[in-house]
Amino acid sequence: MKMPVIFSGHGSPMIALENNDITASMEAVGKNVISKYGKPKAILAISAHWYTRGTFTQSAEKPKQVYDMYGFPEDLYRVKYPVSGDKELTDKIKDVLGNLVTADDSWGIDHGIWTVLVHMFPNADIPVVQLSVDGTLTNRQCFEVGEKLSSLRDEGYIIFGSGNVVHNLRRVEWNNPDGTEMTHIFNDYIIDAVKNKDIDKVINYSDGPESSYSVPTPEHFLPIIYCLGASGGDGAAVFNNVCNLGSMAMTGFVWG
């Protein structure tokens, strides 16, 4: 059975320690995947926080957990998500992407991935191999990389992206439990485009309303485009349609 594609908003790293409606939805997505599809062979993970010049993937047998965030409570740095890598998946990524991709183990499993997977798949018993977000590619090329990776879904691999539909750290409102009007406008625009399979609207997100506010830098949005490419035209279900901190949208999608 073809495995699903999942994109999740991750927002603040503190989500790893929280127990609320957002984390409950993440947990439900993981349980539904296991129930419907069985345990995946491994997870191909695409995180906003591995943003590179060039496309890289990991080959480490035991990838390190990266605590790539600063100034948070000590409890956050005690969260462990000790997943293994998966050589077979690494080799398949190389086969599919060819000369476009290079193995690089200088990074690891970063907080864009583990703060979500600690809720979705809390046993840390599904191997994870990250693929970097390539800042040298056009949005269309990111979509095409996703299209190439889509074939791995037929072989028992989940494709998982993590970022945010809206992510503007400079405009964060720490005491705002909701989103601003600008956040809601752009979030609704992208949700509508994804649900209606309007690929060009997502790829050309900068033409959307309030895009300069919502996506001031591309790295948190691009994982959505990779995932949309990997979806193979499947319909998307929406989870965590929640805006918070003023300028964050935690929206997630499951294709398949």
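All residue numbers in this chain count up from 1 along the given sequence.
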Quick one: do Trp174 and Met14 end up in the same hydrophobic cluster if we chain Ile, Leu, Val, Met, Phe, Trp and Tyr together by side-chain heavy atoms under 4.5 Å apart? no
Pick out which of Tyr226, Tyr51, Tyr205 makes a ring pair (Phe, Tyr, Trp, His ring centres under 6.0 Å) with Phe221. Tyr205
With no hydrogens and no angle check, just 3.5 Å: does a side-chain donor-acceptor pair link Asp105 and Ser59? yes
Within this structure, what is the NZ-OG distance for the pair Lys197 and Ser231, rounded to the nearest 0.5 Å? 8.0 Å
Ignoring hydrogens and geometry beyond distance, is a side-chain donor-acceptor pair present between Ser247 and Asn168 at under 3.5 Å? no
I want to check something: taking the side chain as every heavy atom from C-beta on, are Trp255 and Phe7 in contact at a cut-off of under 4.5 Å? yes
Carboxylate-amine/guanidinium proximity below 4.0 Å for Lys92 and Asp95: no
Regarding Asp104 and Ser106, is there a side-chain donor-to-acceptor distance under 3.5 Å anywhere? yes
Looking only at the side chains, is there a donor atom on one of His10 and Thr115 sitting less than 3.5 Å from an acceptor on the other? no
Measure the CE-CG distance between Met248 and Asp178 for me, rounded to the nearest 0.5 Å. 14.0 Å
With the 4.5 Å side-chain cut-off for hydrophobic clustering, are Val238 and Ile22 part of the same group? no
Do the side chains of Asp125 and Lys39 get close enough for a salt bridge, i.e. N-O under 4.0 angstrom? yes
Got a sec: does the CG of Asp21 have more than 12 other heavy atoms crowding it under 6.0 Å? no
Between Asn241 and Asn187, do the side chains contain a donor N or O and an acceptor N or O under 3.5 Å apart? yes
Any side-chain donor-acceptor pair under 3.5 Å between Thr180 and Thr183? yes
Under 4.0 Å between a side-chain nitrogen and a carboxylate oxygen: does that hold for Glu144 and Lys148? no
Aromatic contact, Trp114 with Tyr67 (centres under 6.0 Å): yes
Give a yes or no on whether Val166 and Val194 share a hydrophobic cluster (residues Ile, Leu, Val, Met, Phe, Trp, Tyr; joining criterion: side-chain heavy atoms under 4.5 Å apart). yes
More than 12 heavy atoms of other groups within 6.0 Å of Asp207 CG: yes
